[in-house]
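Notes follow the structure.
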Amino acid sequence: MVKLNASFYEDNNVLRVAKRLLGKLLVTEMDGVRTSGRIVETEAYAGATDRASHAWNNRRTARTEVAYAPGGVAYVYLCYGIHHLFNVVTNLKDVPHVVLVRALEPIEGIDHMLARCGKIKLDTTLTAGPGSLSKALGITTALTGESLLGNKLWIEDAPNLPGSAIETGTRVGVAYAMEDTYLPYRYSIKGNKWVSKGKGLKK
DNA sequence: CCGTCGATCTCCT
DNA sequence: GGAGATCGACGGG
């Protein structure tokens, strides 16, 4: 399997990256344990011009500074004080576009993932949802800023899906974003059972 | 099956 | 002080 390279992440179209990430393999390897899952759901956050983005209007805080790095690093932040949400930084330096990975289909190291989550049986609660998948793969805010070209956390290539296999919708939990609430920036693999149950708002 | 609520960090969008 | 790119526990029907 081939790791996605810098040029994949430095693409200046965050929507294209979000769609291309569907079907690819998100891998972590820590303490000799490899776990992975196929990406089945993503959301794009278009930085300065996107009111749903933490980096709207080029806002810079300690938390979001990493989103301004060149594409190809992890942006992991704490949501509701508890959940670690994994995002892929895209585009060039100083353009804070990111893709939130919202759901995975578990592939490798399922026993390790279950153990991390205190679960016995495999079901969709393991990795359907951005907080859940981070816990299953052992992703925490300690990994924010980590290169996706390194050996802890990376994404392996897979063929791009045809447009007909991709479901498009509105993003989950962004009702505060005013005119950007209804942007069609959520993508998932049509009919895949590992997609999260989160509902985007309808216009 | 559904609605409610608590957890508890960051930024006030 | 309040809300948030969330989840799971709990109680009622």
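What you see below is based on every heavy atom in this structure, not just the backbone, and it leaves out hydrogens, waters and symmetry mates. The chains referred to below are lettered A, B, ... by the order of the sequence lines, with proteins before strands, and numbering in each begins at 1.
- The residues A/K152 and A/E29 are annotated as not salt-bridged, no charged nitrogen and carboxylate oxygen being separated by less than 4.0 angstrom.
- A sub-4.0 Å separation between OP1 or OP2 of C/dC7 and a side-chain N or O of A/K197 is absent.
- To the nearest 0.5 Å, atom OG1 of residue A/T28 and atom CH2 of residue A/W154 are 7.5 Å apart.
- Both key distances under 3.5 Å define a Watson-Crick or G-U pair, and stretches of 3 or more such consecutive pairs in DNA chain C run B:1-7 with C:6-12, B:9-12 with C:1-4.
- If you measure from atom CZ of A/R186 to atom P of C/dT6, you get 10 Å, rounded to the nearest angstrom.
- At the heavy-atom level, A/N57 lies nowhere under 4.0 Å from the strands shown.
- Shown are A/V174, A/T90, A/V14; of these, the side chain to side chain contact (heavy atoms under 4.5 Å, CB included) with A/Y45 is made only by A/V174.
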Next on the checklist: For a quick check, with a 4.0 angstrom heavy-atom cut-off, what is the B/S/- contact string for nucleotides 7-13 of chain B, read 5' to 3'?
Outcome noted: BBBSSSB
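- Proximity of the aromatic rings of A/Y77 and A/H54 is defined here by a centroid distance below 6.0 angstrom, and this criterion is met.
- Closest heavy-atom contact between A/L104 and A/G37: CD2-O, 3.9 Å.
- The side-chain tip of A/R20 does not point at the ring of A/Y187 from less than 6.0 angstrom away and within 45° of straight on.
- Between C/dG13 and B/dC5, the two P atoms lie 15 Å apart (nearest whole Å).
- One finds no salt bridge joining A/K119 and A/D111 here, because no Lys/Arg side-chain nitrogen approaches an Asp/Glu carboxylate oxygen to under 4.0 Å.
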Could you pull out every donor-acceptor pair under 3.5 Å between side chains of residues 134-142 of chain A and any protein atom, sequence neighbours left out?
{"from": "A/S134", "atom 1": "OG", "to": "A/H84", "atom 2": "O", "distance (Å)": "2.6"}
{"from": "A/S134", "atom 1": "OG", "to": "A/P130", "atom 2": "O", "distance (Å)": "3.2"}
{"from": "A/T140", "atom 1": "OG1", "to": "A/A142", "atom 2": "N", "distance (Å)": "3.1"}

